[in-house]
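Just below is one structure, and these are the notes that go with it.
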There are 2 protein chains.
Amino acid sequence: MNRRRSNPPPAARQPAAKSSLWASSRERLRGRELKRDAVVRAAAREFNRKGYHNTSLDDIAARLEVTKPTVYYYVTSKKQLLFQCFLAGVEQIRAAFRDTRGLQVPARERLRDVLRHYGEAMASEFGWCMARAEDQDLSFAMSRHIKALKSEIDHGIRRLIREGVQDGSIHPCDPKMTAFALAGALNWIAYWYREDQSLTGAQIAAAFLAIFENGLRPRGNGAQKAARPSRTARTARAARTAGAATRGSARRATAR
Amino acid sequence: MNRRRSNPPPAARQPAAKSSLWASSRERLRGRELKRDAVVRAAAREFNRKGYHNTSLDDIAARLEVTKPTVYYYVTSKKQLLFQCFLAGVEQIRAAFRDTRGLQVPARERLRDVLRHYGEAMASEFGWCMARAEDQDLSFAMSRHIKALKSEIDHGIRRLIREGVQDGSIHPCDPKMTAFALAGALNWIAYWYREDQSLTGAQIAAAFLAIFENGLRPRGNGAQKAARPSRTARTARAARTAGAATRGSARRATAR
DNA sequence: TTATGATCATACTCATCGGTAGATATCCTA
DNA sequence: TAGGATATCTACCGATGAGTATGATCATAA
């Protein structure tokens, strides 16, 4: 609630002060394009920290040490800001697809390449916007555009999976569900990465891919060990499954 | 923006009309507890549809065919409503852990049980609140409470993984990363399930578990087929990797 | 030096929405 | 049937924040 700045920012008092971050980088930021990108990046970082609705345009402006109308000079609306953040992030993933397009490699390796870049994009500053932004916050046209891009990526992954199953590099599976599982695990990076940055995006992606490729079930070198079906377990499960999972609803919690 | 009801709701004009859903179900809704649960459920459904910030308390009230002060009669704040939704959902998952606690089965099977209930919970009406709710929208105490519960679940999964590696039912892996990958894939159900309900939550969870257990790499019956390391691919990748992934940023998009 | 367009700040408008005050109706009980 | 407790409504407040009207300032060219 009291997240607004309490006193006026000391910088940006006299217009175009040379000490301001905004002004000092002015030499490098030639033209509107570059400044606009700076606005979008600042917005992405704020959204990442506090979420879309808890970030005001004053916050973004303050981050750049300018005022709100300046932001509006480069961007038409808050919606559009979020939209631009999304596009910037998703473009990284699309580039990964383009790069692997013509490669003469088993599909599983192409998939691995794509997913590694996917994971890195999710750990980037635009990860939040790609994964967590709600399309109800956008205009209809933007929402449609984003859905199309997401669908393109989804179907790209499914296609790679199908090709992998065909060329024998991927274990037979349902491409749709597998794509959901893969994308879900990677998208989720955007949720926890900011809190646990002990690994780089590339390292996380590599670790995830190892997990997905190996699977949980042990890979015996020839002989499958462990993993006995365990008939007792199955019956015990069946007995329990009946009335669980809709029991309590944890009423009357104490936290305020 | 114009999502508010434009004309006053025809029902609930004369107070406690017997035709209102709220009033007609009054016989069944004995006591505050049950009504309170109804409020929480209605909130969960609205949050699920439109997100937390795009749902007003008037919306929730309208859904129940009552007015806003009535909602406040059962709940102290919007924050608390979200908090309650979260608790209701997470309790399903905790129940799953409790149920498998004492089972004398390989850990991979216990993990499977837990994750199946986890997936079902994510496909439930509380899935959105568990997965997508932002803790910036809660009070500090609530946020801390929720973090503790999430951490409990996370560490429960890690523990099952560790046990599985020890008893040989799970392929050796990093428990932390594996838990992240599993939870991520399942949490993501809350994002797409409402748009694609062709499967039940249980079916999705089962499909995911098959994927996770098998892994992408083909499981030869003894002999590994395919999956040649392909040295040419590796070098080709290395060459590309250098300058990719931070290229374009998709400026000047057209959608409004 | 001065005109002009680009850039940015001050100071506002206005709609939305969380939350509340106070009145009212209903129901149960003595 | 009086009276208190319960449950709900009408009508309002106040804060927040997106977006804008207007004017000042700066760089550049004539």
Side-chain angles (χ1 to χ4, degrees), chain A residues 1-6 8-18 20-23 26-27 29-36 38-39 43 46 50-62 64-82 137-139, chain B residues 1-6 8-9 11-18 20-23 25-27 29-36 38-39 43 46 50-62 64-82 137-139:
Chain A
M1 296 304 173
N2 48 4
R3 96 191 88 81
R4 314 307 330 289
R5 60 190 182 193
S6 47
R13 281 291 74 170
Q14 60 281 60
K18 270 141 248 95
S20 146
L21 184 146
W22 183 257
R26 176 181 269 165
E27 309 86 50
L29 298 181
R30 281 270 155 255
R32 296 181 62 100
E33 296 288 313
L34 293 174
K35 287 193 181 177
R36 214 178 108 107
V39 172
E46 290 300 297
K50 301 186 298 192
Y52 179 74
H53 288 281
N54 291 319
T55 298
S56 73
L57 277 162
D58 281 316
D59 290 336
I60 298 169
L64 293 164
E65 298 187 61
V66 294
T67 55
K68 188 164 56 172
T70 302
V71 172
Y72 274 101
Y73 183 69
Y74 292 100
V75 151
T76 67
S77 70
K78 193 182 179 187
K79 283 180 191 330
Q80 218 214 2
L81 213 37
L82 179 59
D137 297 331
L138 298 173
S139 72
Chain B
M1 294 308 172
N2 49 4
R3 94 191 91 80
R4 316 307 328 290
R5 59 190 180 192
S6 48
R13 280 292 73 170
Q14 60 283 61
K18 271 139 247 100
S20 146
L21 183 146
W22 183 257
S25 57
R26 173 178 271 167
E27 309 87 49
L29 300 180
R30 282 270 157 252
R32 293 182 64 101
E33 296 289 311
L34 292 175
K35 286 194 181 177
R36 213 179 109 106
V39 171
E46 289 300 296
K50 301 186 297 192
Y52 179 73
H53 288 281
N54 291 319
T55 299
S56 73
L57 278 161
D58 282 314
D59 290 335
I60 298 169
L64 294 163
E65 297 186 62
V66 295
T67 57
K68 188 164 56 171
T70 301
V71 172
Y72 275 100
Y73 184 69
Y74 293 99
V75 151
T76 68
S77 70
K78 194 182 178 186
K79 283 181 192 326
Q80 219 215 3
L81 212 36
L82 179 59
D137 297 332
L138 298 173
S139 73

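Within every chain, numbering begins at 1; the chains are lettered A, B, ... in the order of the sequence lines, protein sequences first and strands thereafter. Treat the numbers as computed from the prediction; the structure is a model and nothing was measured.
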Look at the side-chain N and O atoms of [X] and state whether any lies under 4.0 Å from the OP1 or OP2 oxygen of [N].
{"X": "B:Y73", "N": "D:dT8", "answer": "no"}
{"X": "B:S56", "N": "C:dT16", "answer": "no"}
{"X": "A:T70", "N": "C:dA9", "answer": "yes"}
{"X": "B:Y72", "N": "D:dT8", "answer": "no"}
{"X": "A:T67", "N": "C:dA9", "answer": "yes"}

Out of [options], whichever nucleotide has its closest atom nearest the side chain of [X]:
{"X": "B:K35", "options": "C:dA11, C:dT7, D:dT8", "answer": "D:dT8"}
{"X": "A:S77", "options": "D:dG19, D:dA7, C:dA9", "answer": "D:dG19"}
{"X": "A:P69", "options": "D:dT10, D:dG19, C:dT10", "answer": "C:dT10"}

Q: Using atom types as modelled and distance alone, determine if a side-chain donor or acceptor of B:K78 lies under 3.5 Å from a backbone N or O of B:T55.
A: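 Yes: the side chain of B:K78 pairs with the backbone of B:T55.
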
Q | Side-chain donor or acceptor of B:K68 paired with backbone N/O of B:S56 under 3.5 Å | A |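 Checking the backbone N and O of B:S56 against the side chain of B:K68, no donor-acceptor pair under 3.5 Å is found.
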
Once you round it to whole Å, what is the distance between [atom2] of [N] and [atom1] of [X]?
{"X": "A:E33", "N": "C:dA6", "atom1": "CD", "atom2": "P", "answer": "15 Å"}
{"X": "A:D59", "N": "D:dA18", "atom1": "CG", "atom2": "C1'", "answer": "13 Å"}
{"X": "B:I60", "N": "D:dT8", "atom1": "CD1", "atom2": "P", "answer": "16 Å"}
{"X": "B:E65", "N": "D:dC9", "atom1": "CD", "atom2": "C1'", "answer": "15 Å"}
{"X": "B:R32", "N": "D:dT6", "atom1": "CZ", "atom2": "P", "answer": "8 Å"}
{"X": "A:D58", "N": "C:dA9", "atom1": "CG", "atom2": "P", "answer": "12 Å"}
{"X": "A:H53", "N": "C:dG18", "atom1": "NE2", "atom2": "P", "answer": "12 Å"}
{"X": "B:E46", "N": "C:dC17", "atom1": "CD", "atom2": "P", "answer": "13 Å"}

(Q) Could you work out how much the helix from C:dT1-D:dA30 to C:dA30-D:dT1 bends, comparing the axis of its first five pairs with that of its last five, to 10°? (A) 10°

Q. With B:Y73, which residues qualify under side chain to side chain contact (heavy atoms under 4.5 Å, CB included), at least two apart?
A.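 By the side chain to side chain contact (heavy atoms under 4.5 Å, CB included) rule, B:Y73 matches B:R32.
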
Q.
On the side chain of B:K78, is there an atom forming a donor-acceptor pair with the base of C:dG19 - under 3.5 Å, no angle test?
A.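 Per atom types, no contact qualifies.
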
Q: Tell whether A:K68 reaches the base of D:dA18 with its side chain through a donor-acceptor pair below 3.5 angstrom.
A: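 Counting by modelled atom types and ignoring angles, a donor-acceptor contact under 3.5 Å is found here.
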
Atom [atom1] of [X] and atom [atom2] of [Y]: how far apart are they, to the nearest 0.5 Å?
{"X": "B:L57", "Y": "B:E46", "atom1": "CG", "atom2": "CD", "value": "11.0 Å"}
{"X": "A:R36", "Y": "A:L81", "atom1": "CZ", "atom2": "CG", "value": "9.0 Å"}
{"X": "A:Y52", "Y": "A:K79", "atom1": "OH", "atom2": "NZ", "value": "5.5 Å"}

Q: Give the minimum heavy-atom separation between A:L64 and A:A38, together with the two atoms involved.
A: CD2-O, 4.1 Å

Q.
Side chains of B:D137 and B:H53 only: does a donor on one sit below 3.5 Å from an acceptor on the other?
A.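 Yes, side-chain donor-acceptor contact under 3.5 Å.
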
